[in-house]
2 protein chains.
Amino acid sequence: MSSSPDLPHPERSEISLTGVLFALSDPERLAIARQLVDGPLDMAECHLSNPNVPKSTKSHLMKVLRTSGVVRNEANGRARRLSLRREDLDAKFPGLLDAVLSAET
Amino acid sequence: MSSSPDLPHPERSEISLTGVLFALSDPERLAIARQLVDGPLDMAECHLSNPNVPKSTKSHLMKVLRTSGVVRNEANGRARRLSLRREDLDAKFPGLLDAVLSAET
DNA sequence: TCAATGGTTCGAAGATTTTCAAACCATCGA
DNA sequence: TCGATGGTTTGAAAATCTTCGAACCATTGA
């Protein structure tokens with residue numbers, strides 16, 4: 001049965017604008033968020049620009065995205081399914097996610 | 001004549017998305033940006049939530065906003081005129097500024 | 001049942017940010 | 001010309017973030 005640890009996620013009401021902006025202000029984290037626009041991905045399918053970074057670092061990047069409310073991280077077998085919290089973010093900060101993710105870097 | 005030191009500003013082409021997001025990811029800096037939506041303000045008219053912070057700290061907050069390209073800081077007599085770089089930001093990152101500044105905190 | 005897989009967590013070291021006092025600088029008014 | 005005003009810069013200390021190895025944990029396949 002399931003599952004790997006259930007990680008804490010902020011409620012929608014707990015998501016702060018500055019927290020979201022901070023999470024997305026790192027190029028690597030922004031790139032991760034962008035990989036999720038077309039739907040959820042298992043963590044292993046989420047690639048960093050530097051493929052050599054250790055898994056603990058990658059996990060930490062995910063933690064910042066999760067605890068800020070940008071990404072949901074759910075157990076999926078022994079993998080982790082990552083998804084953008086688009087509904088929550090669109091509801092709280094209309095237009096923000098679209099603007100950030102569609103902006104040219 | 002003029003004027004107080006001419007501070008460096010990034011060209012529009014040098015403004016990075018992550019830099020802008022970072023600058024706005026601090027509550028105090030975000031609050032400053034929001035005070036500029038209705039037009040330029042002299043620095044003395046820009047109030048921090050904590051009115052006791054020393055001027056050097058305030059100056060540093062302004063520097064982060066300036067060097068990231070969010071705000072323009074021009075000499076104005078012995079004051080400093082602050083303005084949002086709305087044209088540049090709207091051109092580079094359509095919808096971003098509106099989304100950030102109109103979001104509820 | 002055991003080993004490999006795909007992750008998280010912990011702790012420490014390093015890097016970056018933040019904060020502040022002090023020194024400095026140019027402008028304005030008297 | 002001089003003092004007050006409105007700011008910037010510098011340097012150092014404190015706080016926060018990032019990175020990474022090591023230990024850990026649950027799931028899957030053999």
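The structure presented is a predicted model; accordingly, all values stated were derived computationally and were not measured. Every chain is numbered from 1, with letters handed out A, B, ... down the list of sequences.
Closest to the side chain of A:Arg29, out of D:dG6, C:dG6, D:dT18, is D:dT18. Taking only side-chain atoms of A:Leu61, from C-beta outward, the nucleotide of D:dT19, C:dT18, C:dT8 with the closest atom is D:dT19.
Taking a 4.0 Å limit (strictly below) on heavy-atom distances, residues 14-27 of chain A does not reach DNA chain C anywhere. For DNA chain D, the residues of residues 30-60 of chain B within the heavy-atom distance limit of 4.0 Å (strictly under) are B:Met43, B:Ala44, B:Lys55, B:Ser56, B:Ser59, sorted by number.
Note on residues 96-105 of chain A: pairs passing side-chain hydrogen bond (donor to acceptor under 3.5 Å, both in side chains), not counting sequence neighbours, are A:Arg86-A:Asp98. Screening residues 52-73 of chain A for salt bridge (Lys or Arg N to Asp or Glu O under 4.0 Å), with sequence neighbours left out, gives A:Arg72-A:Asp88. For residues 29-43 of chain B, the pairs satisfying side-chain hydrogen bond (donor to acceptor under 3.5 Å, both in side chains) are B:Asp42-B:Asn76, B:Asp42-B:Arg81, with sequence neighbours left out.
Without hydrogens or angle criteria, A:His9 side chain to A:Asn73 main chain gives a donor-acceptor distance under 3.5 Å.
Here B:Pro94 pairs with nothing under the side chain to side chain contact (heavy atoms under 4.5 Å, CB included) rule; sequence neighbours left out. When the side chain to side chain donor-acceptor pair (under 3.5 Å) test is applied to B:Glu28, the partners found at least two apart in sequence or on another chain are B:Ser49. In this structure A:Ser56 satisfies the side chain to side chain contact (heavy atoms under 4.5 Å, CB included) test together with A:Pro54, sequence neighbours excluded. Residues passing the side chain to side chain contact (heavy atoms under 4.5 Å, CB included) test with A:Glu87 are A:Arg12, sequence neighbours excluded.
Remark: P of C:dT18 and CE of B:Met62 are 14 Å apart, rounded to the nearest angstrom.
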